[in-house]
Amino acid sequence: MDQGNKWKNNFPCDDGYKYTAPVGSYRANAYGLNDMLGNVWEWTCSAYQKDYEGKEMLCDNSAQRLSMRGGSWINFPSWIRAANRYKDSRTARHGNVGFRLVQVN
C-alpha cells in the first residue's frame with residue numbers, strides 16, 4: 001500500500017468521529033452483530049498463515065504472529081472487509097487494533 005498517497009485518495013465520508021466510533025453507533029448486520037468492520041482491526045487467537053488453509057479456525061497459544069481481521073478507521077475502504085487478514089506479533093499494541101468480547105447466555 002502506498003502510504004504517500006493515502007490522504008490524497010481518501011473516501012469522501014464523515015461519520016462524525018475522529019477515530020473509533022462508540023459501540024453500537026450503527027445498525028447491526030444480518031447476523032445481529034454491530035461494529036464488525038472499519039472501527040479497529042480485531043485480534044484473533046489464531047496463528048497467521050500467508051496462504052489461508054483453514055488453520056485460522058483454531059486458537060494457537062504458541063503462535064508468535066496472530067491474525068487480525070476487518071481493517072480499521074485508518075485504512076482505505078477497500079481494506080474494510082471481514083475476509084481481509086493481517087498479522088502482527090502477539091505483543092504488538094496499536095491505536096487501530098482491538099478485540100471483540102462475546103457474552104454467551
Side-chain angles (χ1 to χ4, degrees):
M1 178 170 58
D2 181 3
Q3 294 289 331
N5 290 326
K6 186 169 195 163
W7 299 113
K8 294 178 188 174
N9 297 321
N10 66 340
F11 192 76
C13 64
D14 183 1
D15 65 0
Y17 301 102
K18 187 171 182 176
Y19 297 106
T20 57
V23 173
S25 294
Y26 308 101
R27 72 173 184 259
N29 66 14
Y31 301 102
L33 302 172
N34 290 82
D35 311 319
M36 290 299 294
L37 300 171
N39 222 4
V40 294
W41 283 96
E42 293 185 9
W43 279 113
T44 70
C45 62
S46 55
Y48 176 82
Q49 289 181 296
K50 182 177 179 182
D51 297 320
Y52 185 79
E53 298 172 2
K55 185 177 179 181
E56 289 186 24
M57 292 189 291
L58 303 171
C59 286
D60 183 347
N61 292 329
S62 65
Q64 293 302 308
R65 293 194 173 265
L66 297 177
S67 276
M68 299 182 284
R69 289 190 173 263
S72 77
W73 56 269
I74 200 169
N75 295 116
F76 286 119
S78 61
W79 282 49
I80 311 299
R81 49 191 286 267
N84 193 20
R85 301 176 305 120
Y86 198 64
K87 65 188 177 304
D88 212 337
S89 164
R90 64 172 50 249
T91 59
R93 303 295 179 260
H94 306 285
N96 65 328
V97 177
F99 57 92
R100 181 170 292 270
L101 297 175
V102 177
Q103 178 179 340
V104 178
N105 294 327

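Just so you know, these numbers come straight off a predicted model, no measurement behind them. Along the sequence shown, residues are numbered consecutively beginning with 1. Heavy-atom basis, side chains included; hydrogens, waters and symmetry copies ignored.
W79 and V40 fall into different hydrophobic clusters, where Ile, Leu, Val, Met, Phe, Trp and Tyr side chains are chained together by heavy-atom contacts under 4.5 Å. Both I80 and Y31 are assigned to one and the same hydrophobic cluster, defined by single-linkage of ILVMFWY side chains at heavy-atom distances under 4.5 Å.
Remark: the backbone N or O of T44 is not paired with any side-chain donor or acceptor of S67 at under 3.5 angstrom. Side chain of R90 to main chain of A63: a donor-acceptor pair is present (N/O by atom type, distance under 3.5 Å, no hydrogens or angles). Looking at R81, its side chain never comes within 3.5 Å of a backbone N or O of G71 through a donor-acceptor pair.
Expressed to the nearest 0.5 Å, how far CD of E56 lies from CZ of R85 amounts to 4.5 Å. For the atom pair CH2 of W43 and OH of Y86, the computed distance is 10.5 Å after rounding to the nearest 0.5 Å. How far CZ of F99 is from CG of L66: 13.0 Å, rounded to the nearest 0.5 Å.
Take A21 and apply the side-chain contact (heavy atoms from CB on, under 4.5 Å) test, not counting sequence neighbours, and it matches D15, Y17, S25, Y26, N39.
In this structure, Y52 shares a hydrophobic cluster with M57, the cluster being traced through Ile, Leu, Val, Met, Phe, Trp and Tyr side chains under 4.5 angstrom apart.
Checked options N84, V97, N96; the residue passing with M68 is V97 (criterion: side chain to side chain contact (heavy atoms under 4.5 Å, CB included)).
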